[in-house]
Each structure stands twice: as structure tokens, then as C-alpha cells.
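We're numbering straight along the sequence, starting at 1. Each ligand, and each atom within it, is numbered from 1 in the order the structure gives.
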Amino acid sequence: MLVNGTPYRTVWQDRESGAIRVIDQRKLPFVFEIETLRTVDAVAEAIRDMHVRGAGCIGATAAYGMALAAAEAGGAGDFDRAVAESAERLIATRPTAVNLRWAVDRQLAAMAACGRVSEKLAAAEATAQAIADEDAEWCRQIGRHGLEIVRRIADTKPAGEAVNILTHCNAGWLAFVDHGSATSPIYAAREAGIPVHVWVDETRPRNQGARLTAWELGQQGIPHTVIADNTGGHLMQRGRVDLVITGTDRTSRAGDVANKIGTYLKALAARDNGVPFHVALPSSTFDWSIADGVRDIPIEERDGSEVATISGWESGGEREVRLIPEGSRASNFAFDVTPARLVTGLITERGICEASEEGIRGLFPEKFALVTG
Ligand code: MRU
């Protein structure tokens, strides 16, 4: 997508040096900076400390990290063991977004299919590129399918009146390689000439909505308004939200959706007010091994300091201030799970389906051939 008019991806590999380049998301929206990652350790740190974040972006960055892992292992005595250790290190960085494990496992399988080390190295580079390209294309397709939902709502409104879409956290292009999941239908609607306005949940504690989604939408010229996290229910009661679209970090094969903390409350409010609640995801975000997401999706707990403090921009620099009394404890559950029954539909690269095992099976029958239990 465009940054000051120039197209960017969130992560890519420098052809000459082999280094990985990422947009450092910690500094947005105040500073746009590209970071260079040259080692697996640097990639692991970038994911753990959220220089990059968002399910698809984490997956693609880890995929490129595995290409670095292969390069690092090239000189090691036991190539496979060295790569397996790097894989474990990358997987351990963040527990909820399943794209991470999916990308690392795909890299391991690609390398395992090769005989010589030189072939494994080439396979790792090619697979990283394929994962990144696929992520971008799948998100583009999500936009194409999701556009129809926005169009149907627009058709019920007086001509020229904007469709009001609420989103939580950042499931925009920064959370992927390009286009985004929840935002892709919004960009597609805009391109199709449908007026849209986005309510952007600020998304405490790290404010991915206020900082990242608002910046992204602003860069693309999409009208939007940042709201405090607890505002959505009120807006829905007053008829000021036509549609909710969120992303997800992991979705069970029965359609339970793990997403940034607070998503579940928006889904409850949406159900109470008859507002459609859609979740947009590429198939790399399904966890085919989990049936009951509420029970079995691991929820990342981050440091309480992210709740106890807030950071913002003042006189040319970033500043962190304390919000809660010294001595008060803060806990920081990073995600929650919205049960499938509250989800109106899933928007995937293959089309839209009901959030149920039957609905998902209809779009991805081959994935269920491998499911046991
Ligand atoms: O903790 P983050 O920023 O990596 O969380 C991910 C998210 O931004 C959201 O949960 C998002 O809606 C889904 S990621 C496509």
C-alpha cells in the first residue's frame, strides 16, 4: 500500500545482501522507519518485541527468518538440527497468531523435501517469497469478496451516504504483507466508488487502532474516526455502525475467532443490536487442529507494564507515562476468543462462509481430509 504516495510491503528481502527489511511498527505513526534484520535472533526479537506484528506479517517475517536460518545453518555441521533450533526459537516468540507456526512448518517441510544443502537454501528463499506473495494475494482476494458485503449494505442506504464500518485493532496491511484482511474490503469499496467511513477502536493497551489503523487509513485517504474502546456499543445502539469487520490471529476449524482483546465484547454488542459481525482471514490463520477455540486457543499474556503505562508523541520524541498507582498490579491478556455463534461470516480468499465447521469445510474441503479427532 502507499506510504506518502510510494508503494510498500511490510516485509521483504533485499536481493543483494539477503537481509530482511521490515517497517518498524513501534514508531508509527510518528516516524516511518525501515529496519534491517540480518540474523535469526534479530528476526525473533523483532517479532517478540513487536517491531512487526499482526498475524500475516508475523508469518511472513518468520518465513524470511527461516531463510536466514538456512543461511546460518549452511556452515554448521548438522544443518537440519541448526535449522530446527532456529525454528523453535521463532515459534516461541508469540503464541497466539498461528500464521507463525504455519509459516515455519511450511519452511521445514520445503527444506526436508530437498537433498543437498544448496537445494535447501534455495528452497527456503523461494518458500519465504512464496509465502509473502501468497499473503498479499490472499488479502487482495479477501477484499474482492468482502466488497460484496459492503455493496449490499450501501445499496440499502440513500445515495452518497457512507457505509459505517467498525474495526478493532489493526488488521490492515501492516498486519500482513499488503492490503490487510479487515481493511481490504474497505479499500476495495473505496475503489468501487462506495463511500465508506471507518470507526477505529483505539485498542488499548498498545493502541494498534489509534496508531496504526488510523495512520493506514489516512495514508489511503479513507475517512475514519478514532474512538475509545468502549464506544462501539453506544454507536451500535444509535444505528451508527452498519457493519463490523475484524481480523483474527487464529480461528478454529469450527469458526471460533481469537483476535485482539476486546473483540468478543464488540461481537456481543453487535449481536444485541443486529449489526453484522464479519471476520476476515486468509486460510493461513485457520488452526485446523483445534475444534473448540474458546477452550484450546492459547492466549498470549504480555507484560503488565503495557497496561500500566501509555506512550505518545511530545516535542519531537516518544514519551511513556505511567497511568496507574505505584503498587497496583496490571495484567495484560493480549487476545480473546469470540465464539463462532456470534460471527455472521468469515471472509476468506476463497469466498465468504458461515463460521461453522460445515461452512468452513465447504470452502476448504482438502484441509478437513487431514483433520483427526
Ligand atoms: O498483538 P498484535 O498487534 O500482533 O495483534 C494482532 C492484531 O493486530 C489483531 O489481533 C488483528 O486484528 C488480527 S491480526 C491480522
Please say which of Arg211, Arg206, Arg319, Glu306 ends up in a side-chain contact (heavy atoms from CB on, under 4.5 Å) with Ser311.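 Only one of Arg211, Arg206, Arg319, Glu306 forms a side-chain contact (heavy atoms from CB on, under 4.5 Å) with Ser311, namely Arg211.
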
So, applying side-chain contact (heavy atoms from CB on, under 4.5 Å) with Val275, which one of Val241, Asp242, Thr344 is it?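 Answer after filtering Val241, Asp242, Thr344: Val241.
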
Would you check if the distance from the ring center of Phe364 to the ring center of Trp288 is below 6.0 Å?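 Judged by ring-centre distance (under 6.0 Å), Phe364 and Trp288 do meet the cut-off.
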
Short N-O contact, Glu202 and Arg204, less than 4.0 angstrom: no

Using a cut-off of under 3.5 Å, which N/O atoms of ligand 1 pair up with protein N/O atoms, and what distance separates each pair?
| from | atom 1 | to | atom 2 | distance (Å) |
| --- | --- | --- | --- | --- |
| ligand 1 | 1 (O) | Arg94 | NH1 | 3.4 |
| ligand 1 | 1 (O) | Arg94 | NH2 | 2.8 |
| ligand 1 | 1 (O) | Lys260 | NZ | 2.6 |
| ligand 1 | 3 (O) | Arg53 | NE | 2.9 |
| ligand 1 | 3 (O) | Arg53 | NH2 | 3.3 |
| ligand 1 | 3 (O) | Gln208 | NE2 | 2.8 |
| ligand 1 | 4 (O) | Gly54 | N | 2.9 |
| ligand 1 | 4 (O) | Arg94 | NH1 | 2.7 |
| ligand 1 | 5 (O) | Lys260 | NZ | 3.4 |
| ligand 1 | 8 (O) | Arg53 | NH2 | 2.5 |
| ligand 1 | 8 (O) | Asn170 | O | 2.9 |
| ligand 1 | 10 (O) | Asp249 | OD1 | 2.5 |
| ligand 1 | 10 (O) | Asn259 | OD1 | 2.9 |
| ligand 1 | 10 (O) | Lys260 | N | 3.1 |
| ligand 1 | 12 (O) | Asn259 | OD1 | 2.7 |
| ligand 1 | 12 (O) | Asn259 | ND2 | 3.4 |

Exam field: side chain Glu216 to backbone Leu174, donor-acceptor pair closer than 3.5 Å: yes

Given the ring of Phe32, does Lys27 sit roughly above its face, with NZ or CZ under 6.0 Å from the centre of the six-membered ring and within 45° of the axis?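 Geometry flag: not set, cation outside 6.0 Å or 45°.
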
